[in-house]
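What follows is a set of notes on a single structure, which appears directly below.
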Amino acid sequence: MKSFDKNYKLLDEMYEDEYYPNFLVDKVKGELQKVIDLLETGETDTRVIQEKFDEVVCAMNDLQEEFEENDSEMETVARDCIGENVGYILEWFGIPIEVEEAIRERDW
């Protein structure tokens, strides 16, 4: 079983941008961590992994209203940042899923 890269800072770009409240970025990070936790168990079945991505992306979708209530939104910078992080996670664990497929359930 492989551990995730301890030197990689998830959602660093969002944390550095004051437009995104840290407590909400923490929630997005928590969702990504669920995928990392699954992959750290050694799971390689792409169907199981895609199901987990679908689940966490839907949870991220549910955060949109909370972002708006805090004068923020999951817009271009957030989309790009999350996509890059998903890509890094997939590459780190050698999972053959395209980023756009992994986040296919997004509505942000």
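Quick note: numbers below take in every heavy atom, side chains included, and nothing from hydrogens, waters or symmetry partners.
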Can a donor-acceptor pair be found, under 3.5 Å and without considering hydrogens, that links the side chain of [X] to the backbone of [Y]?
X    : Y    : answer
D54  : E105 : no
W108 : T76  : no
E55  : Q50  : no
E65  : F67  : no

Legend entry - Set of side chain to side chain contact (heavy atoms under 4.5 Å, CB included) partners for V86, sequence neighbours left out: L32, F53, I82, L90, V99, A102, I103
Inset, instruction - Among residues two or more places apart or on two chains, list those pairs meeting salt bridge (charged side-chain N to carboxylate O under 4.0 Å, His left out) that have a residue in residues 89-99. - result: none
Inset, instruction - Any salt bridge (charged side-chain N to carboxylate O under 4.0 Å, His left out) involving residues 3-32? Give me the pairs, sequence neighbours left out, ordered by first then second residue. - result: K27-E66, E31-K34
Side-chain heavy atoms of [X] within contact of [Y], under 4.5 Å:
X   : Y   : answer
F93 : E43 : no
N70 : F23 : yes
M60 : M74 : yes

Inset, instruction - Give a yes or no on whether M1 and I95 share a hydrophobic cluster (residues Ile, Leu, Val, Met, Phe, Trp, Tyr; joining criterion: side-chain heavy atoms under 4.5 Å apart). - result: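 As far as the 4.5 Å side-chain criterion goes, I95 and M1 are not connected within one cluster.
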To the nearest 0.5 Å, what is the distance between [atom1] ([X]) and [atom2] ([Y])?
X   : Y   : atom1 : atom2 : result
L63 : E69 : CG    : CD    : 11.0 Å
D45 : E51 : CG    : CD    : 8.0 Å
T44 : L39 : OG1   : CG    : 9.5 Å
Q64 : L24 : CD    : CG    : 11.5 Å

Legend entry - Exercise: identify the closest heavy-atom pair between L38 and K52: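 Of all heavy-atom pairs spanning L38 and K52, the closest is CD2-CB, 3.7 Å.
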Inset, instruction - Kindly give the heavy-atom pair with the smallest separation between N85 and L10, and that separation in Å. - result: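 Taking every non-hydrogen atom into account, OD1-CA, 3.2 Å.
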Inset, instruction - Among C81, S72, P21, find the one that has a side chain to side chain contact (heavy atoms under 4.5 Å, CB included) with M14. - result: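 Single pass found, and it is C81.
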Inset, instruction - State whether E84 and R79 are salt-bridged, where the test is any N-O pair (Lys NZ or Arg NE/NH1/NH2 against Asp/Glu carboxylate O) under 4.0 Å. - result: no
Inset, instruction - Classify the ring geometry between F4 and Y8 as parallel (under 30°), tilted (30 to 60°) or perpendicular (over 60°). - result: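 Geometry flag for Y8 against F4: perpendicular rings.
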